[in-house]
Engineer: 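Quick one: the structure is below, and I'll ask about it shortly.
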2 protein chains.
Amino acid sequence: MELKKIMKTEILLRICAVLDLVLTACLVRLDTQTKRFTFFDRKATFRDLDALQVLVYVATVAAGYNLLQLIKCSVSAAVSFEGNWKGSYLYLAWVCFLLDQIAVYITFMANSAALQASLLAVTGAKDFQWMKLCNTFTRFCVQIGGSLLCGYMACLLMAFTSSISAFNLFRLYSPKRFLLLKGS
Amino acid sequence: MELKKIMKTEILLRICAVLDLVLTACLVRLDTQTKRFTFFDRKATFRDLDALQVLVYVATVAAGYNLLQLIKCSVSAAVSFEGNWKGSYLYLAWVCFLLDQIAVYITFMANSAALQASLLAVTGAKDFQWMKLCNTFTRFCVQIGGSLLCGYMACLLMAFTSSISAFNLFRLYSPKRFLLLKGS
C-alpha cells in the first residue's frame with residue numbers, strides 16, 4: 001500500500017518538529033547572562049520579557065501535541081484502513097486537520113511575537129526612549145536569536161505536517177462535487 | 001455543477017478579506033494623535049513603531065494579492081473545467097495553494113509582531129526601563145487595537161480561503177495511492 005509512504009513522511013516530520021520545539025524551549029529557558037555593573041549585578045533571563053515566557057510554554061505544549069499525534073500515527077499505521085475510510089477515519093482526519101492548523105498558527109504567533117520583542121531589544125525605539133539592551137547582554141541575545149531560528153524551523157515542519165493532514169482529509173472528497181465523499 | 005458553490009464561497013471570503021485588509025491598513029496609516037507637553041508638541045503616528053509600518057505594507061500587499069486571486073476566480077468561473085482538470089488546472093491549483101499559504105503566514109506574522117509591539121507600548125517593560133506610552137496616547141492606542149482586531153479577522157478569512165485552495169488541490173488526488181491523480 002502506497003499510503004505507508006506518506007505516513008512515514010508524516011512521522012519523520014513530526015519527530016523533527018518535536019525535537020526542534022524541545023530545543024527551542026530549552027534554549028530560551030536556560031538562557032541567562034549576568035553582568036556586573038558598578039553598584040549591582042544584573043541578570044538577564046527569559047522572564048524579563050513576557051513574549052519569551054509565552055514562547056517557552058507554547059513550544060512545550062506544541063511538542064506535547066506533536067508527541068500525541070505521533071502516537072496516533074503509530075496506531076493508525078498498525079490498523080489498516082483499507083476500504084473502510086468512510087466512517088471514523090473521516091472524523092479523525094477532520095480533527096487532525098483542524099488541530100494541526102491551530103497548533104501551527106499558535107506556534108507561529110508565539111515565535112513572531114518573541115521575534116518582534118527581541119528585535120526591539122536589539123534596535124531599541126528612539127521615539128519611545130526605549131533603549132537597546134543587546135549591546136549589554138550580547139551572548140544572551142545571540143542564544144535567543146538561535147532559539148528563534150529553531151522555532152521557525154519547527155513552524156516550517158509543522159506547516160508541512162498540516163499540509164499532509166489537509167491532503168489526508170481532502171483526498172477523500174470527490175473532485176467533481178462539493179463535499180461529496182468518493183465512492184458514494 | 002456543484003463546484004460553483006465552493007467557488008462562490010471562495011469569492012465571498014476573498015472580497016471580505018480584501019475589505020478587511022484595506023480597513024486594517026487605513027486604520028493604522030491614518031492613526032495620529034498630538035499631545036501638548038509643557039515645552040513641545042509630540043505627535044504619535046504609525047511611523048513611531050517599525051512593526052506598524054510593516055503591518056501597513058503587508059496588509060496592502062495582501063489585499064492586492066487577494067484582488068488578483070479574485071480576478072483568477074472570475075476567469076475560472078467563466079471557463080468550465082469539466083473533465084479537463086488534469087492538465088494546467090493542476091499546476092494552477094498547486095500555485096494557488098502555495099501562494100495562499102505564504103500570504104496567510106506573512107499576514108499573520110506581521111499582525112502578531114504589531115500586536116506584541118503594541119502590547120509592550122501598553123504594559124511597558126519594567127526590567128528594561130521601557131515606559132508605558134498608552135496612558136499618554138490613549139485614543140491612538142485604541143485605534144491601533146481596533147485595526148489589529150480587523151487584521152486578525154482578515155487572517156482568519158485568509159486561513160479559510162487557504163483551506164479551500166487546499167481542498168481544490170488535494171481532492172484531485174486518489175484516496176488509495178500517494179500523489180496519484182484520480183482517474184489515471
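Just so it is clear, the structure is predicted and the values come from calculations on it, not from any experiment. Residue numbers begin at 1 in each chain, while the letters A, B, ... track the order of the sequences.
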Engineer: For residues 115-123 of chain B, give me every residue with a non-hydrogen atom less than 4.5 Å from any non-hydrogen atom of chain A.
Structural biologist: B/Leu115, B/Gln116, B/Ala117, B/Leu120, B/Ala121
Engineer: Shared ILVMFWY cluster between A/Ile6 and B/Leu172, side chains joined below 4.5 angstrom?
Structural biologist: yes
Engineer: Under 4.5 Å between side-chain heavy atoms, counting indirect links through other Ile/Leu/Val/Met/Phe/Trp/Tyr residues: same cluster for A/Leu21 and A/Leu27 or not?
Structural biologist: no
Engineer: Give, as side chain, backbone, both or neither, the part of A/Ala159 having an atom under 4.5 angstrom from any heavy atom of chain B.
Structural biologist: both
Engineer: Could you measure the distance from the CD atom of A/Gln129 to the CH2 atom of B/Trp130? Nearest 0.5 Å is fine.
Structural biologist: 14.0 Å
Engineer: Quick check on the structure: residues of residues 42-65 of chain A within a heavy-atom distance below 4.5 Å of chain B, by number.
Structural biologist: A/Arg42, A/Arg47, A/Asp48, A/Leu49, A/Ala51
Engineer: Can B/Leu23 be reached from B/Leu70 by stepping across I, L, V, M, F, W or Y side chains whose heavy atoms are under 4.5 Å apart?
Structural biologist: no
Engineer: Does the plane of the ring in A/Phe108 sit parallel, tilted or perpendicular to the ring in B/Phe108? Use 30° and 60° as the thresholds.
Structural biologist: parallel
Engineer: For A/Asp20, what residues pass the salt bridge (charged side-chain N to carboxylate O under 4.0 Å, His left out) criterion, not counting sequence neighbours?
Structural biologist: none
Engineer: Would you mind telling me which of B/Phe167, B/Phe97, B/Phe170, B/Tyr173 makes a ring-ring contact (aromatic ring centres under 6.0 Å, His included) with A/Phe170?
Structural biologist: B/Phe167
Engineer: When hydrophobic residues are tied together by side-chain contacts of less than 4.5 Å, even through go-betweens, does A/Ile102 share a cluster with A/Trp94?
Structural biologist: no
Engineer: Transitively linked via ILVMFWY side-chain contacts under 4.5 Å: B/Phe137 with B/Leu30?
Structural biologist: no
Engineer: Less than 3.5 Å apart, which donor and acceptor atoms pair up between the side chains of residues 148-156 of chain A and the rest of the protein, not counting sequence neighbours?
Structural biologist:
residue: A/Tyr152; atom: OH; partner: A/Ser112; partner atom: N; Å: 3.4
residue: A/Tyr152; atom: OH; partner: A/Ser112; partner atom: OG; Å: 3.1

